[in-house]
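Presented below is the structure to which this report refers.
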2 protein chains.
Amino acid sequence: MPTQTAAQRRADARAAYDAYMAACPARELLDRISDKWVTLILNALADGPRRYSDLGRIIAGVSQKMLTQTLRGLERDGMVTRTVTPSVPVRVDYELTPLGVSLLPLVRAAKEWAETHIEEVHTARAAYDATGENG
Amino acid sequence: MPTQTAAQRRADARAAYDAYMAACPARELLDRISDKWVTLILNALADGPRRYSDLGRIIAGVSQKMLTQTLRGLERDGMVTRTVTPSVPVRVDYELTPLGVSLLPLVRAAKEWAETHIEEVHTARAAYDATGENG
DNA sequence: GCCGCTACTCTCCATCGGTAAGTACGTACC
DNA sequence: GGTACGTACTTACCGATGGAGAGTAGCGGC
């Protein structure tokens with residue numbers, strides 16, 4: 001233990017916390033739901049089931065890759081269901097499960113917070129950029 | 001306009017929504033607060049001001065790079081204040097602003113949701129992995 | 001029989017995030 | 001006086017992640 005640098009202690013702390021972190025459920029799901037596309041998809045599915053292409057249009061900015069990928073993740077986590085209708089062109093609908101629905105208040109709250117405080121943030125940014133520009 | 005493929009229409013839709021997206025405040029901030037480290041830092045600062053190194057220890061898993069980077073972003077957005085105390089080794093404290101505090105309920109709600117529903121997610125994952133394994 | 005539809009999948013590339021080492025400034029110890 | 005240590009970063013490198021866009025499968029319409 002002697003002759004230990006700050007860096008070493010930091011590494012130790014990290015290793016020690018790794019175990020703690022693995023046991024922390026909040027951390028695990030936080031990483032998951034703190035995802036840009038998850039939030040957006042959940043919100044898009046709030047009003048009811050949507051088709052794959054609809055989601056692509058509504059979310060607008062998501063790549064097909066990420067849309068598929070995120071939907072698969074949400075399906076795996078039991079937040080959406082995937083229903084394939086084998087019609088002429090295949091049709092796939094995604095719908096929130098109760099678990100997914102239980103996340104909606106959070107998503108809505110986030111949306112509301114964003115809408116309420118965006119001006120403050122813009123002001124803060126302008127101020128920060130102005131002071132930092134030549135200092 | 002004729003002879004337009006689905007891909008082209010998709011590109012059009014994307015371009016059209018770009019304008020809409022830029023005007024959508026929720027989207028802009030959602031991307032911001034839907035960040036793993038933002039959530040974690042906000043939570044770590046919930047009980048009061050913290051030093052840089054404390055944050056690194058508490059959050060445990062964050063790299064110094066991301067810690068600094070995320071803190072700068074939050075400072076720019078007016079959610080935390082950065083206070084330098086020019087003592088023997090420099091000391092820097094970060095503290096939530098009222099704006100940052102206003103995000104706390106959201107963060108806490110997310111944490112609670114995660115803790116409440118983690119089992120459901122684990123079950124869903126196990127079920128998904130089991131069915132998908134050989135099909 | 002080729003085109004186009006939907007719902008993807010694949011490839012390529014840029015950006016992001018992690019690791020680890022380095023920096024600046026100052027004190028303390030030998 | 002020089003080297004080691006402390007804090008709070010910054011920098012270099014590198015692998016993983018995400019975006020753009022083209023390709024794929026199965027089928028109906030013309």
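Below, chains carry the letters A, B, ... as their sequence lines are ordered, and counting in each starts from 1.
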Residue B/Arg72, side-chain heavy atoms: nucleotide from C/dC8, C/dT6, D/dC9 that is nearest: D/dC9
Looking only at D/dG18, D/dA8, C/dA7, the nucleotide nearest the A/Trp37 side chain is D/dG18
As a quick check of understanding, evaluate side chain to side chain contact (heavy atoms under 4.5 Å, CB included) for A/Ile33 and A/Leu42, giving each step before the final call. CA-CA 10 Å; A/Ile33 63 178; A/Leu42 251 27; 5.9 Å; no
Nearest to side-chain heavy atoms of B/Met66, which nucleotide of C/dA7, C/dG18, D/dG18: C/dG18
Checking contacts here: which listed nucleotide (D/dG19, C/dC8, C/dA7) is nearest the side-chain heavy atoms of A/Arg51? C/dA7
How close or far is atom P of D/dG18 from atom CG of B/Asp31, stated in whole angstroms? 13 Å
When rounded to whole Å, the CZ to P distance for the pair B/Arg82 and D/dT7 reads 16 Å
Nearest to the side chain of A/Ser63, heavy atoms from C-beta on, is which of C/dG17, D/dT10, D/dG19? D/dG19
Between atom CG in B/Asp93 and atom P in D/dA8, what is the gap in whole Å? 8 Å
Would you mind reading off the distance between B/Arg91 atom CZ and D/dC9 atom P, rounded to a whole angstrom? 13 Å
Between P on D/dT17 and CD on A/Gln64, what's the gap in Å once rounded to a whole number? 21 Å
Can you tell me the distance, in whole Å, between the CG atom of B/Asp54 and the P atom of D/dG6? 15 Å
Can you list the steps and then say if A/Asp77 with B/Arg125 is a side chain to side chain contact (heavy atoms under 4.5 Å, CB included)? CA-CA 5 Å; A/Asp77 286 354; B/Arg125 267 184 212 172; 2.5 Å; yes
It should be established whether B/Ser53 places a side-chain nitrogen or oxygen under 4.0 Å from OP1 or OP2 of nucleotide D/dA8. yes
With rounding to the nearest 0.5 Å, note down the distance linking CZ in A/Arg72 to CG in A/Leu74. 11.5 Å
Just one of B/Val38, B/Leu99, B/Leu96 clears the side chain to side chain contact (heavy atoms under 4.5 Å, CB included) bar with B/Met79, so which one? B/Leu99
Whether B/Tyr94 contacts D/dC9 is assessed here as follows: a side-chain N or O lying under 4.0 Å from the phosphate OP1 or OP2. Is that the case? yes
Go through C/dT9, C/dG18, D/dG18 for me and flag the one nearest to the A/Gln69 side chain. D/dG18
Where the side chain of A/Lys65 is defined as all heavy atoms beyond and including C-beta, which of C/dT11, C/dG18, D/dT10 is the nearest nucleotide? C/dT11
Side chain of B/Val88: nearest nucleotide among C/dA7, C/dC5, C/dT27? C/dT27
Rounded to whole angstrom units, what separation is found between the CG atom of B/Leu71 and the C1' atom of D/dT10? 15 Å
Can you list the steps and then say if B/Leu40 with A/Arg27 is a side chain to side chain contact (heavy atoms under 4.5 Å, CB included)? CA-CA 8 Å; B/Leu40 261 12; A/Arg27 187 72 62 98; 3.8 Å; yes
Return the value, rounded to whole Å, for the distance between atom CD1 of B/Ile59 and atom C1' of C/dG17. 15 Å
